[in-house]
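The structure under discussion appears below in the form of structure tokens.
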Amino acid sequence: MPIQHAVLALLEDGPSYGYQLRQRFEEAIGPQWGRLNIGHLYQTLERLSRDGLVTSERVPGDVRPDRKVFELNDAGREELAQWLQQPAERSGGYRDELFFKLLVASRKGADAVAGVVSRQRAYQLGQLRTLSELHQDNAAQPLVKLLIDAARLHNEADIGLLDLAYDARDALAKAAADSKVAAQEERQSAVS
């Protein structure tokens with residue numbers, strides 16, 4: 001997920017160097033997002049600089065090494081304003097490891113599908129408990145609470161998907177078996 005617009009927004013508050021931006025980003029978003037990779041952040045800052053959306057300068061340090069400080073410019077402000085006007089779109093389709101697990105399990109039969117669903121359901125329920133605790137711990141931070149609510153809704157949707165997969169386990173296994181047979185027949189006819 002690109003973070004360049006979040007970085008531009010943080011730079012609206014004033015010039016900053018990478019580690020400051022990472023700290024401000026993590027404070028703003030909270031624990032649900034996870035740690036921001038500093039290398040990825042610096043790559044993003046360099047790309048924003050190359051694209052003319054921020055400026056940078058080296059600031060000498062008294063005790064510490066020199067720091068590269070980045071500042072939002074007018075082009076960056078305009079990019080941020082334009083981006084904010086556009087709807088958020090999911091890119092690259094709907095990719096989820098769970099679907100690959102269901103694909104593999106369906107090729108092994110309905111019981112394998114049921115096993116994947118059972119283990120994943122237990123995991124999702126554990127996630128919901130953790131999210132509930134995080135929600136309480138971050139009650140004073142509305143943006144963090146909103147992100148936690150989004151994660152909770154995703155988990156609840158995943159549980160709904162697991163229910164559908166469990167109900168369809170026989171059909172999934174049959175479709176996978178039929179596909180195997182069709183592929184085998186196709187290979188045999190290609191050899192003949």
Side-chain angles (χ1 to χ4, degrees), residues 1-10 21-41 43-44 80-186:
M1 165 179 278
I3 62 164
Q4 66 253 19
H5 292 98
V7 171
L8 291 173
L10 291 171
L21 287 168
R22 181 175 81 174
Q23 181 180 0
R24 289 175 40 219
F25 177 88
E26 290 175 354
E27 286 171 359
I29 295 298
Q32 184 54 33
W33 181 275
R35 298 212 26 104
L36 182 60
N37 181 298
I38 193 68
H40 183 225
L41 176 59
Q43 286 178 341
T44 299
L80 189 58
Q82 287 179 9
W83 172 77
L84 201 53
Q85 296 299 316
Q86 301 300 315
E89 297 179 21
R90 295 200 188 274
S91 61
Y94 186 76
R95 296 180 182 199
D96 192 315
E97 182 182 359
L98 176 57
F99 282 99
F100 289 124
K101 288 191 179 214
L102 291 171
L103 166 73
V104 172
S106 68
R107 296 173 65 81
K108 296 184 178 301
D111 289 342
V113 172
V116 165
V117 166
S118 176
R119 287 183 294 280
Q120 189 67 32
R121 174 181 274 286
Y123 170 79
Q124 299 296 151
L125 290 172
Q127 290 295 299
L128 285 174
R129 284 189 295 279
T130 299
L131 290 168
S132 178
E133 293 167 8
L134 285 172
H135 198 271
Q136 290 173 3
D137 293 346
N138 292 280
Q141 299 181 47
L143 183 62
V144 174
K145 280 178 45 179
L146 188 60
L147 181 61
I148 292 167
D149 285 337
R152 180 184 50 80
L153 291 169
H154 280 279
N155 271 272
E156 290 171 354
D158 285 346
I159 289 171
L161 172 66
L162 291 168
D163 291 343
L164 293 173
Y166 183 81
D167 292 345
R169 66 191 181 280
D170 291 327
L172 291 169
K174 182 178 180 336
D178 291 348
S179 176
K180 281 183 186 178
V181 169
Q184 194 173 38
E185 289 173 354
E186 186 178 314

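All values below come from the heavy atoms of this structure, side chains included, with hydrogens, waters and symmetry mates left out.
Between the side chain of Ser179 and the backbone N or O of Ala175 there is no donor-acceptor pair closer than 3.5 Å. Side-chain atoms of Arg22 never come within 3.5 Å of backbone atoms of Leu41 as a donor-acceptor pair (strictly under, hydrogens ignored).
Pairs passing the side-chain hydrogen bond (donor to acceptor under 3.5 Å, both in side chains) check and including a residue from residues 106-117, sequence neighbours excluded, do not occur.
Contact detail for Ala165 and Leu172: the closest heavy-atom pair is O-CD1, 3.9 Å. Minimum heavy-atom separation, Glu156 to Leu128: CG-CD2, 4.1 Å. The shortest non-hydrogen separation linking Ala173 to Ala110 is CB-N, 3.5 Å. Between Gln141 and Glu27 the shortest heavy-atom distance is OE1-O, 3.7 Å.
Rounding to the nearest 0.5 angstrom, the gap separating the CG atom in Leu8 from the CG atom in Leu84 is 11.5 Å. Here the CG-CG distance, from Leu161 to Leu102, works out to 6.5 Å after rounding to the nearest 0.5 Å. Atom-to-atom distance recorded for Leu98:CG and Lys101:NZ is 8.5 Å, nearest 0.5 angstrom. For the atom pair Asp158 CG and Leu153 CG, the distance stands at 11.0 Å (nearest 0.5 Å). Gln127 CD to Leu134 CG: the interatomic distance, rounded to the nearest 0.5 Å, is 9.5 Å. One finds the CG atom of Leu36 at 6.0 Å from the CD atom of Glu26 (value rounded to the nearest 0.5 Å).
For OH of Tyr166, the number of neighbouring non-hydrogen atoms (other residues, nucleotides, ligands) closer than 6.0 Å is 12 at most.
A salt bridge between Arg129 and Glu133 is absent, with no side-chain N of the basic residue lying under 4.0 Å from a carboxylate O of the acidic one.
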Residue pair Val117, Arg169: steps toward the side-chain contact (heavy atoms from CB on, under 4.5 Å) verdict:
CA-CA 9 Å; Val117 166; Arg169 66 191 181 280; over 6 Å; no
Would Asp149 and Arg152 count as a side-chain contact (heavy atoms from CB on, under 4.5 Å) here? Give the steps.
CA-CA 5 Å; Asp149 285 337; Arg152 180 184 50 80; 3.9 Å; yes
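Gln120 and Gln124 are linked by a side-chain donor-acceptor pair at a separation below 3.5 angstrom, with hydrogens and angles left out of the test.
Applying the side-chain hydrogen bond (donor to acceptor under 3.5 Å, both in side chains) rule to Lys174 yields the partners Asp178; only residues at least two apart in sequence or on another chain are considered.
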